[in-house]
Amino acid sequence: MSPGGGASVNQKGKAVAHGADSSETLLQTPLFELHTELGGKMVPFAGYEMPVQYPLGVLNEHLHTRNKAGLFDVSHMGQAFLSGPDHETTAAALEALVPGEITKLGLGRMRYTMFLNDEGGILDDLMVTRSVAPEDDGRLMLVVNAACKDADYAHMQAKLPDSVKLTAVEDRALLALQGPAASSVMAKWCPQATDMGFMTASSTQFDGIDCHVSRCGYTGEDGYEISVATDKADQIARTLLSHDDVEMIGLGARDSLRLEAGLCLYGHDIDDTTSPVEADLVWSMSKRRREEGGFPGTERIQRELRDGPGRVRVGIKPEGRAPAREGTEIVDEGGNRIGVVTSGGFGPSAEGPVAMGYVQSAHAAPDTGIGLMVRGEARPAHVAQMPIVPHRYYRKPK
Amino acid sequence: MADIKYTDDHEYLSIEGDVATVGITKHAQEQLGDVVFVELPEVGKAVAKGDEAAVVESVKAAAEVYAPVSGEVVEANGDLEGNPGLVNEDPEGGAWFMKIKISDKSELDGMMDADGYAKFVAEQG
């Protein structure tokens, strides 16, 4: 037996600076000791030594997150601040690089957007948070992908006006707690978190430790991300793990959870050739920004908004049991190539194979029959509405 | 009594007469993780040593199961298609993949016995 194509967990981003065999250069997160203590199977990922799974296994880690709460170490991701004289200035500077609505972002609100190149291709996707504290006016917090962070920082340094300063945050860890029990778990040590709306953020304390909590995530479930000083991360993780509902979850389940939730993995489902329109991320752009433009690649993006893109990212549900992995060719019913799978595998909550990929727009409607070329054979599948497993984000009562 | 041989592709052959019952080892299924899909060869298919004869997939990866010897597939373990998780539970027992009627027994020469395979796994770390 030997691993074939698509072996090992998806690597976030192709821009990893290190070769596969340069393990001596791999970085470790502040939770490295905890991962090894818990029996985490460590693999190189975006330049870091990260846990792909724990003894519970990918399948049960995935299901545990959907049923209770999973704790993820996402400290490899890049945290940074943009600081300017006031919100308007900082937001305008960022809006010159991304198609998202940043100017109108409210206090304590966060938004998903993406850095674009001049051709409208996606350089990275990121989360942008405006601090809730009025004294932080003019400051935005960014979270970017680990594999892209150096390039993102260089890109911003080159493009930002002198009035807006970029500060990479190197002394903070990032933990994610995801799942339907996340809120009741947080209630024990950070009661303020239970009252937060989805996609809001707050500076607060967890068990007396200063931290920055946001209600968001990458699994389709309710949940939080906790940004905390490096030297306190282990303590918070161990406290969370002391709760019966919480298990530590590796990158393997993180990948299957986000795939079922229809969320993009940079370097796979989106890259510097795909536009936000092709990637079905138009929802992340406000009406004003679509109309006014003012971001890199405006011409292409407005043209695709007007005429429709040639290809589009869709969810895919194979009809048999065989998973279709990244790179699988997609054909129409006549056997003509119409696209390619960009992420694919087995969805433990979907109880079967799931995938996403790009198809020519004529084939993008839900329920369109397609074929997936797995081991030389066209296997029947259909375009599926995303998310394949419904999102269960928290909506604050009005 | 069956003679058990191991390959450096982490497969085992349980040989009785001229038929080898083939599967993946306990170590192999541990490396693979939770098995969610198995694809088996057609009975009657002629395979050459080293051919990709079956497929085993976990949540995170796909892997090929090679024919460890040349011959004819005389039986495939249909239980695995409905219950791929059996590969994790009983890899070297109920979760065999296929039985191959061996065409050339000299192909078994140089394969490892249980002790040899245990050492091989230990050396691989």
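To find a chain, count down the sequence lines: A is the first, B the second, and so on, and within it residues start at 1. Since this is a predicted model, take the numbers as computed values, not measurements. Values below: every heavy atom of this structure, side chains too, minus hydrogens, waters and symmetry copies.
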What's the verdict on salt bridge (charged side-chain N to carboxylate O under 4.0 Å, His left out) for B:Glu52 and A:Arg375, showing C-alpha distance, side-chain angles and the deciding distance? CA-CA 10 Å; B:Glu52 292 166 9; A:Arg375 291 180 288 279; over 6 Å; no
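Of the residues considered (A:Pro348, A:Pro323, A:Gly345, A:Gly352), A:Pro323 shows the highest number of contacts with chain B, using heavy-atom pairs under 4.5 Å.
The number of heavy-atom neighbours closer than 6.0 Å to CD of A:Glu333, taken from other residues, nucleotides and ligands shown, is 12 or below.
Residue B:Asp34 touches chain A through its side chain alone, counting heavy-atom pairs closer than 4.5 Å. Looking at B:Val38, neither its backbone nor its side chain comes within 4.5 Å of chain A, counting heavy atoms on both sides. Contact annotation for B:Thr25: neither backbone nor side-chain heavy atoms come within less than 4.5 Å of a heavy atom of chain A. Residue B:Glu81 does not touch chain A at all, counting heavy-atom pairs closer than 4.5 Å.
Taking CE of B:Met98 as the start and CD of B:Glu11 as the end, the distance is 6.0 Å to the nearest 0.5 Å.
What you find for B:Glu107 and B:Ser70 is that their closest heavy atoms are OE1-N, 2.6 Å. Contact record, B:Ser14 with B:Ile4: OG-CD1, 3.8 Å, taken as the closest heavy-atom pair.
Residue-level contacts of residues 53-66 of chain A with chain B, in order of numbering, are A:Gln53, A:Gly57, A:Val58, A:Leu59, A:Asn60; threshold 4.5 Å between heavy atoms.
Comment: B:Glu123 does not engage B:Lys119 in a salt bridge, judged by the lack of any side-chain N to carboxylate O separation of less than 4.0 angstrom. Salt bridge A:Asp269/A:Arg258: present, at least one basic N to carboxylate O contact under 4.0 Å.
For B:Ser106 and B:Asp104, the side-chain atoms include at least one donor-acceptor pair closer than 3.5 Å.
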